[in-house]
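Everything below concerns the one structure shown next.
Bear in mind that the values here come from a model prediction, so they are computed numbers and not experimental data. Counting starts at 1 for both ligands and their atoms, following the listed order. All values below come from the heavy atoms of this structure, side chains included, with hydrogens, waters and symmetry mates left out.
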Amino acid sequence: MLDFSTRPDRNWSWPTAIRFGAGRIAELPVALAELGASNPLFVTDAALVSLEPAQRALGVLRDAGVAFGLFSEVHPNPTGAAVDAGVAAFRAGGHDAVIAFGGGSALDAAKAVALMVRQTRPIWDFEDVGDNWTRVDTTDPVPVVAVPTTAGTGSELGRSSIITDTEAGRKMIIFHPIMMPGIAILDPELTVGLPQGLTASTGMDALCHALETFITPNFHPMADGLALQALRMIKEALPRACENGSDLEARADMLVASGMACVALQKGLGGVHALSHALGAVYDLPHGLLNAILLPHVTAENIEHARPRLTELAQLLDLPGRQAESVIAWLEGLRDQLGIPAGLAELGVVAERQDEVIALALKDPCAAANPAPFDAALAQRMLARAMG
Ligand SMILES: [Fe+2]
């Protein structure tokens, strides 16, 4: 039995009500009751539903005699069609809440299902552009309990979902404040079985959220504080979680840090996410892995526009050399240590489709927050560097 005394159970309101602690998935029925739900729809992804964490959660519901439906038709990079199917399942089963269970794709799809159950407009009308969010019908919102099984996206504490519009061929950020789950259960035991590769790539997504947030020039000291503490925790915990998946303290710290980084990203992200959304739409590749590869290259292209912040970060993290370049060296070293490819070419990304990727990236809402003005020439330089 691991000594877990330094990571005791805690209840936080940040601003989602959070039940943090090992084994707290057992409180899923209590969380549902708190939200007034008696017949939830459990939404998860097709690959996860038969694995231990999902089976454990479903067992908790069965043992407590909770009536529920199961929708497990979510695949990586969820589409509008997947959300429609989930909405149909919700209505057919007369459900009154959603349990969002899994990694980023499952959580995003589940949150979108909960939102869309009460809408008459198509989901694309709520893309996070301008004041589109005010179009949402907020009558009788569907409550959501979110349970992450990866430590990366932080979607369990976020107010948006990334859904792929297959017709337009791009990923859209769907946003409304009511998309924030009512309760999140952060149980590190659910992430213990995550394979090393997924632990690394999802953890690097959280690192990207924190780093892009910390260096984007917008004024948001509260987000800066969250991002910085997340970076400190990830720096220590991610290598440990990758080296020993059963290190419950490292797993716990990664779950908390990824949530913090997600709350912080309301400040704005940048070129890593603008490009990874575009590459994800064109090649249907995993978000975390794309970010992990892009991060050192994009940060290197941004260095002259983010030098004071990167220097501050190098000093606060006590990186060797304590200067902006030290951050790039740390990111490259971490990437190599975690076995992440150095370049996009290894994933099958080709120069021939570069214009397509750049056109999508320029339209991405994250592009505007990049420290250096994000134009086609900069995107091209970033991609060229990241090809490897
Ligand atoms: Fe991300």
Side-chain angles (χ1 to χ4, degrees), residues 45 76-78 100 102-112 127-128 146 148-164 170-175 179-180 191 194 197-216 223 226-227 230-231 234 238 254-299 302 331 334-335 338 340 344 347 357 360-361 364-370 374 382 386:
D45 72 64
N77 295 324
S105 296
L107 297 179
D108 278 6
K111 285 160 59 186
E127 187 186 9
D128 188 15
T149 59
T150 65
T153 161
S155 182
E156 64 278 4
L157 303 186
R159 307 173 298 169
S160 63
S161 290
I162 312 267
I163 305 294
T164 301
R170 68 188 185 100
K171 287 188 155 197
M172 298 228 196
I173 300 173
I174 309 300
F175 164 81
M179 292 178 76
M180 193 168 64
T191 68
L194 198 66
L198 273 175
T199 302
S201 60
T202 52
M204 287 299 283
D205 185 26
L207 197 157
C208 285
H209 295 160
L211 190 101
E212 290 211 284
T213 294
F214 191 69
I215 67 172
T216 191
L226 284 170
L231 284 161
I234 292 167
L238 183 54
M254 283 306 300
L255 259 185
V256 177
S258 60
M260 288 164 66
C262 181
V263 176
L265 67 78
Q266 61 186 268
K267 182 188 173 197
L269 288 169
V272 176
H273 273 78
L275 288 168
S276 77
H277 290 155
L279 288 160
V282 171
Y283 294 97
D284 198 19
L285 290 166
H287 176 72
L289 186 58
L290 287 168
N291 283 339
I293 296 172
L294 286 163
L295 182 62
H297 304 295
V298 170
T299 309
N302 277 324
L331 296 173
L334 187 59
R335 174 195 66 198
L338 302 185
I340 291 162
L344 295 168
L347 304 187
V357 171
L360 288 175
D364 192 275
C366 298
N370 192 65
F374 193 88
M382 287 172 168

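- Considering Leu360, Thr164, Val272, Ile173 in turn, Ile173 is the only one that fulfils the side chain to side chain contact (heavy atoms under 4.5 Å, CB included) rule with His277.
- Using a 4.5 Å heavy-atom cutoff, the side chains of Leu211 and Leu231 are in contact.
- Using a 4.5 Å heavy-atom threshold, the side chains of Leu207 and Leu334 count as touching.
- Ring geometry for His273 versus His209: interplanar angle of 30 to 60°, hence tilted.
- Judged by distance alone, with hydrogens and angles left aside, the side-chain atoms of Thr216 form a donor-acceptor pair with the main-chain N or O of Ala369 at under 3.5 Å.
- Two residues are said to be in side-chain contact when any heavy atoms from C-beta on lie closer than 4.5 Å; Leu279 and Leu285 fail this criterion.
- Screening the protein for N, O or S atoms under 2.8 Å from the Fe ion (ligand 1) yields 4; no waters enter the count.
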